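Values in this document were obtained by computation on a predicted structure and should not be read as measured data. So that the names make sense, note that chain A is the first sequence line, chain B the second, and so on, each numbered from 1.
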There are 2 protein chains.
Amino acid sequence: MAATIRDVAQAAQVSQSTVSRALSTPELVNPETRARVVSVARRLGYEPNRAARGLITGRTGNLGLIVPDIANPFFSAVVKGVQGAARAADYSVFIADTDEESESEIGLLRALSKQVDGIILCSPRAPDDELEAVGPGTPVALMNRRVGDRPSVTVDNADGMRQAVEHLAALGHRRIAYVAGPRTSWSNSERERGLHRSIADTGTDLAHLGYFPPQFDGGVAAADLVIASGATAVIAYNDVVALGLMSRLSARGVAVPEGMSVVGCDDIGMSSMTHPALTTVAVPKHEAGRATVGLLLSVLAEGGAASALHRELPTQLIVRATTGVARASDRPADGHS
Amino acid sequence: MAATIRDVAQAAQVSQSTVSRALSTPELVNPETRARVVSVARRLGYEPNRAARGLITGRTGNLGLIVPDIANPFFSAVVKGVQGAARAADYSVFIADTDEESESEIGLLRALSKQVDGIILCSPRAPDDELEAVGPGTPVALMNRRVGDRPSVTVDNADGMRQAVEHLAALGHRRIAYVAGPRTSWSNSERERGLHRSIADTGTDLAHLGYFPPQFDGGVAAADLVIASGATAVIAYNDVVALGLMSRLSARGVAVPEGMSVVGCDDIGMSSMTHPALTTVAVPKHEAGRATVGLLLSVLAEGGAASALHRELPTQLIVRATTGVARASDRPADGHS
DNA sequence: CTTCGTGTTGCAATCCTTTTCATAACTGAC
DNA sequence: GTCAGTTATGAAAAGGATTGCAACACGAAG
């Protein structure tokens, strides 16, 4: 059996209270006593029982993280960021995967809320009001979405779109297609917002296609529409979609970037490894995970009435090899071939 | 505040014990009473406090899962399998990512073992004896690895290699390269074992290359060696490596499968989406995750002295488009061009 | 009529820690 | 020399659920 606080107390000739204090509020105990207690505790391999502690403090030391799809490289990067930051603060994290279904999202939310101190909800599909599913006692921090004044971390998607559009416009593209992600996705609508503005600013033309599922197959399905749209460049909702797009473009005999420029979003690891390497709007995934944990922890600590409740992280266009000058036979006039 | 067992007891006019029993051992209480208690409990939204329960039962209701890299599609598939099975049994799972470092593996193991009922170790790296890091009270189930008589779930890697080699031999390949994964990986050595046997059985020739890191870059690095080896076909440690391989082969102007047949392992989602689609030895990742949870849970239930402690899952060669007949100018004699 | 199961229920102990409150010793000031 | 004010420690009360043990009622068996 593991050593309990009583064992330590006996061995160190002090009361349980002193042991508890020596370990959690060292400044309250005499340095000598503290040293003795600490050394005994180490010798006995004592570690406070989390259940017992949780019972009285009401906290679990756990965080919950809900993601749509852990197999999606975007989210696995976020997960790593969250894990790292949580571990640094001595929190453990439960990860729940909704498999892109918003129903299970709510169920998970409810189940999770009982056993964690706070929840990170990562780019949720579920309608706003269903955030109420989680009890009022459990703070929620949102990532990649903004709902009311709940604490959240977002990335500047609109600015990312601006960078992408300006880049394409500078290459001479006049008509740009956008392969949209899920309709209910907050980041998708942010991207569309930025897109529309930049399109207007640069005097280019937009072909809005979709909505498509944010997976490889979504890109495959969208490719033919992109070709038919008469656009010479396409921006995809994310890199995985862009990969699907390129796969089908290649099957259709459209060379990238000669026949079609392609821009992704997120900058997942794969993107730099494709042929040609993907130009993409990089999102600081790791950092976003860390920042959201930081935010949640600060809410936890200050009991809500606190500090900055929102952070927006920058995006950065990374130009690789899938974007090039618009093809000579550019035809903004007749729409499509 | 959440409802406690006392609230339910009062409202239902019974003692706390009866409430507890009505919910956890229903057969011990009068059907009428039980119905009343259950209905009151639901009305009050009562859910037993996990910390309090854990304190007395000594169990947490949590499982730990340790994987080398959650961003690796192989492991994220396993994670999903584990999650599903665990949830079905009303367990939550902590996931820890070692980032392919075996040192952090031990630390994580130790930290995790305090707050879970059992651990699934899904990572082949750490030396066998370091499994001792986890306290004797916490059962460990191994996946993709066999150590002594610890409970474990493995896949029949050797047979997978046999299928691959026979497939290639039937296509006329006489010299086959193998791009090895990490030296300390259990599944790598199993694959090598199966490989050597099948190579002998089919009278083909083996070029053993490596060891390489099990990532895209590993495949890229291996490609030139493969070409130089004079082999007309190559089997990669896993699909990600195979992808890296193909990327570099293409850059070197070697067509797949005309100039080189490529076989991967694992069958990650990406594999069917590449051009050409990857022939691979499929591993039942989801099922493996589920099976390992099942094993661990049975150990947990029966206190160790129990049932089958080992399960081996079959592998299945999936022939897609990266394997073809050996090129006409096959040259087993002069080694390489 | 007593006795013995059997089926239900309640009492109370227990799990281990944190934390409030009280006690005690000691310091420094008046 | 007394009193207020620290500082250091201990005793004991939660905290919420589970569970062994006792008690009770009831019908059956002797």
Side-chain angles (χ1 to χ4, degrees), chain A residues 1-38 40-41 44-62 90 113-117 135 137-138 300-301, chain B residues 1-38 40-42 44-62 90 113-117 135 137 300-301:
Chain A
M1 286 297 105
T4 77
I5 204 175
R6 299 183 55 144
D7 302 330
V8 179
Q10 276 183 336
Q13 314 253 44
V14 294
S15 73
Q16 302 179 27
S17 345
T18 304
V19 175
S20 176
R21 278 188 287 249
L23 298 174
S24 54
T25 47
E27 68 277 11
L28 287 186
V29 350
N30 182 305
E32 277 178 48
T33 321
R34 184 201 318 158
R36 181 155 39 98
V37 169
V38 168
V40 169
L44 266 48
Y46 169 73
E47 289 226 21
N49 178 316
R50 290 180 88 112
R53 168 183 288 172
L55 185 54
I56 189 149
T57 61
R59 353 193 76 193
T60 60
N62 300 331
D90 204 30
S113 68
K114 307 287 179 183
Q115 39 187 322
V116 299
D117 298 337
T138 314
L300 240 36
Chain B
M1 285 295 106
T4 77
I5 203 174
R6 300 184 55 143
D7 302 330
V8 179
Q10 277 183 335
Q13 314 252 46
V14 292
S15 72
Q16 301 179 27
S17 348
T18 304
V19 175
S20 175
R21 280 187 285 249
L23 298 174
S24 53
T25 47
E27 68 277 12
L28 287 186
V29 350
N30 184 305
E32 277 178 48
T33 321
R34 183 202 320 159
R36 181 155 40 96
V37 170
V38 168
V40 169
R42 180 154 33 210
L44 265 49
Y46 168 72
E47 290 226 21
N49 178 316
R50 290 180 87 112
R53 168 183 288 172
L55 185 53
I56 189 155
T57 61
R59 354 193 75 195
T60 59
N62 299 332
D90 205 30
S113 67
K114 307 287 180 186
Q115 38 188 322
V116 299
D117 298 336
L300 240 36

[options]: which one has an atom nearest the side-chain heavy atoms of [X]?
| X | options | answer |
| --- | --- | --- |
| I5(B) | dT20(C), dT18(D), dC21(D) | dT18(D) |
| S17(A) | dA12(D), dT18(C), dG10(C) | dA12(D) |
| T57(B) | dC11(C), dT19(D), dG16(D) | dT19(D) |
| P31(A) | dT19(C), dA8(D), dA17(D) | dA8(D) |

Seminar exercise, completed: When A52(B) and R36(B) are each assigned the nearest nucleotide of DNA chain C, the 5'-most assignment goes to R36(B)
Problem set entry | Nearest-nucleotide 5' precedence on DNA chain C, E47(A) against S15(B) |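 Upstream on the strand: S15(B).
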Tell me what [X] touches on the nucleic acid: a base, only sugar-phosphate, or nothing, going by heavy atoms under 4.0 Å.
| X | answer |
| --- | --- |
| T4(A) | sugar-phosphate |
| T33(B) | sugar-phosphate |
| V19(B) | nothing |

Exercise. Side chains of T18(B) and S15(B): do they bring a donor and an acceptor to under 3.5 Å?
Worked result: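 Yes, a side-chain donor-acceptor pair sits under 3.5 Å.
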What is the separation between atom [atom1] on [X] and atom [atom2] on [N], rounded to the nearest whole Å?
| X | N | atom1 | atom2 | value |
| --- | --- | --- | --- | --- |
| E27(A) | dT6(D) | CD | P | 17 Å |
| R21(B) | dG7(C) | CZ | P | 15 Å |
| L55(A) | dA13(D) | CG | P | 17 Å |
| I56(A) | dC16(C) | CD1 | P | 15 Å |
| N30(B) | dC26(D) | CG | P | 13 Å |
| R53(B) | dT19(D) | CZ | P | 9 Å |
| Q16(A) | dC15(C) | CD | P | 11 Å |
| D7(B) | dG16(D) | CG | P | 9 Å |

Do any side-chain nitrogens or oxygens of [X] fall under 4.0 Å of OP1 or OP2 in [N]?
| X | N | value |
| --- | --- | --- |
| T18(B) | dG10(C) | yes |
| S20(B) | dT18(D) | yes |
| Y46(B) | dA17(D) | yes |

Exercise. Is there side-chain contact between T60(A) and R50(B), with at least one heavy-atom pair below 4.5 Å?
Worked result: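 No, their side chains stay 4.5 Å or more apart.
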Problem set entry | 4.5 Å side-chain heavy-atom contact, V37(A) and V40(A) | no
For this session: Decide yes or no on side chain to side chain contact (heavy atoms under 4.5 Å, CB included) for T4(B) and N49(B), but give the supporting numbers first.
Result: CA-CA 8 Å; T4(B) 77; N49(B) 178 316; over 6 Å; no
Exercise. If every non-hydrogen atom of L23(A) is compared with every non-hydrogen atom of V38(A), which pair is closest and at what distance?
Worked result: CD2-CG2, 4.2 Å
